[in-house]
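Worksheet for the structure shown next.
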Amino acid sequence: MPEIFLTKHADFCFGVKNALEIAQNAAKDGEVYTYGTLIHNEKVVKELEKKGVKSSDDLDFILKQKRVVIRAHGVAKSAEELIKQNVPEVFDATCPFVKKIHRLVNNAYKENKEIIISANCLFICPRISRVYTNFHVLRVLKATCSVARISLIH
């Protein structure tokens with residue numbers, strides 16, 4: 001039987017650390033909201049709520065807030081534009097690596113290329129349409145636990 005080793009210490013990636021720092025610093029000046037959860041860690045999200053970082057999946061509600069943090073994994077470009085137009089104080093905590101992926105997908109879309117996202121489908125598939133709505137992702141052609149194939153249709 002294979003051995004399993006557990007580490008005594010684990011840490012977050014750079015993007016998550018950065019987002020946590022931005023959100024916590026923003027909350028020092030009062031309550032702040034995120035459109036969706038800041039990161040994918042329920043325990044940390046609950047701790048953030050105690051510190052004044054709250055989340056909502058309701059964009060209309062978010063647009064009525066005074067202070068909003070863009071979450072670590074980003075939001076659809078259309079949602080980001082609406083937030084920046086309607087919310088007086090916006091803090092962008094999107095991971096720079098995620099922004100790069102968004103830029104690459106956008107460039108591929110402009111070149112009418114097919115996009116293939118390789119990820120844990122239980123994690124990524126429900127979020128694809130929320131993040132890539134500005135790319136007119138209309139259907140998932142094939143979805144398995146290792147690959148989601150997206151067809152970009154004009």
Side-chain angles (χ1 to χ4, degrees), residues 5-59 61-63 65-111 113-137 140 143-150 152:
F5 297 93
L6 297 177
T7 181
K8 290 183 181 181
H9 304 283
D11 208 353
F12 293 116
C13 68
F14 161 77
V16 168
K17 284 182 183 180
N18 186 53
L20 288 169
E21 184 177 333
I22 289 170
Q24 290 178 46
N25 284 337
K28 289 177 183 176
D29 294 327
E31 188 174 80
V32 65
Y33 278 86
T34 61
Y35 176 40
T37 57
L38 181 70
I39 63 170
H40 300 299
N41 184 316
E42 228 176 279
K43 184 178 177 184
V44 173
V45 169
K46 286 180 183 178
E47 288 300 314
L48 287 171
E49 284 184 16
K50 294 175 189 174
K51 296 177 180 180
V53 180
K54 304 188 181 212
S55 64
S56 173
D57 289 323
D58 182 348
L59 183 57
F61 175 80
I62 290 297
L63 296 176
Q65 302 310 306
K66 291 183 167 97
R67 307 171 76 241
V68 170
V69 175
I70 305 292
R71 60 191 176 187
H73 47 281
V75 296
K77 187 175 182 178
S78 57
E80 183 175 352
E81 288 171 357
L82 282 171
I83 291 168
K84 288 180 176 177
Q85 290 168 3
N86 291 282
V87 177
E89 198 171 4
V90 179
F91 306 87
D92 190 354
T94 308
C95 171
F97 299 118
V98 170
K99 281 188 180 197
K100 181 179 179 181
I101 292 167
H102 288 191
R103 189 177 66 253
L104 291 171
V105 169
N106 189 38
N107 291 341
Y109 167 73
K110 288 176 182 175
E111 296 172 11
K113 292 181 178 177
E114 183 177 49
I115 307 300
I116 299 173
I117 298 173
S118 177
N120 179 337
C121 202
L122 294 174
F123 172 78
I124 196 74
C125 288
R127 292 168 176 82
I128 288 172
S129 62
R130 284 181 69 177
V131 175
Y132 294 111
T133 52
N134 53 312
F135 302 120
H136 306 290
V137 176
V140 176
T144 68
C145 284
S146 60
V147 175
R149 172 171 266 151
I150 314 299
L152 301 177

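For this chain, numbers begin at 1 and follow the sequence in order. Note: hydrogens, waters and symmetry copies are ignored here, and every other heavy atom, side chains too, is used. The structure presented is a predicted model; accordingly, all values stated were derived computationally and were not measured.
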Smallest separation among heavy atoms of [X] and [Y], with atom names:
X: V98; Y: G74; answer: CG1-N, 4.5 Å
X: A19; Y: A72; answer: CB-CB, 3.6 Å
X: G36; Y: R71; answer: CA-NH1, 3.2 Å
X: D57; Y: Y35; answer: O-CE1, 3.4 Å
X: A23; Y: L38; answer: CB-CD2, 3.6 Å
X: I22; Y: A93; answer: CD1-CA, 3.8 Å

Pairing residues for [X] by the side chain to side chain donor-acceptor pair (under 3.5 Å) criterion, not counting sequence neighbours:
X: Q65; result: none
X: K28; result: N25
X: E47; result: K50

Gap separating the CD1 atom of I39 from the CG atom of L48, nearest 0.5 angstrom: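 Between atom CD1 of I39 and atom CG of L48 there are 6.5 Å.
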Looking at CD1 of I62 and CD1 of I70, how far apart are the two atoms once the value is rounded to the nearest 0.5 Å?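 I62 CD1 to I70 CD1: 9.0 Å, rounded to 0.5 Å.
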Within-4.5 Å side-chain heavy-atom neighbours: E42 and K46: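 They are in side-chain contact.
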Charged N-O contact under 4.0 Å between E80 and K84: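 Looking at E80 and K84, the cut-off is met.
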Please determine whether side chain to side chain contact (heavy atoms under 4.5 Å, CB included) holds for the pair L63 and I83, giving the CA-CA distance in whole Å, both sets of side-chain angles, and the decisive distance to 0.1 Å. CA-CA 6 Å; L63 296 176; I83 291 168; 4.0 Å; yes
Pairing residues for F14 by the ring pair (Phe, Tyr, Trp, His ring centres under 6.0 Å) criterion, not counting sequence neighbours: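 With neighbours one apart ignored, the set is empty.
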Sorted by first residue and then second, give each side-chain hydrogen bond (donor to acceptor under 3.5 Å, both in side chains) pair with at least one member in residues 86-98; sequence neighbours left out.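 Listed once each, the pairs are R67-E89, D92-T94, D92-K99.
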Mind checking what makes side-chain contact (heavy atoms from CB on, under 4.5 Å) contact with K66, not counting sequence neighbours?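 K66 satisfies side-chain contact (heavy atoms from CB on, under 4.5 Å) with no residue once adjacent residues are dropped.
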Please evaluate residues E81 and K77 with respect to the criterion side chain to side chain contact (heavy atoms under 4.5 Å, CB included), reporting the C-alpha separation (whole Å), side-chain torsions for both, the decisive distance (0.1 Å), and the verdict. CA-CA 6 Å; E81 288 171 357; K77 187 175 182 178; 3.3 Å; yes
Side chain to side chain contact (heavy atoms under 4.5 Å, CB included) between L20 and V44: does it pass, once the steps are laid out? CA-CA 9 Å; L20 288 169; V44 173; 3.7 Å; yes
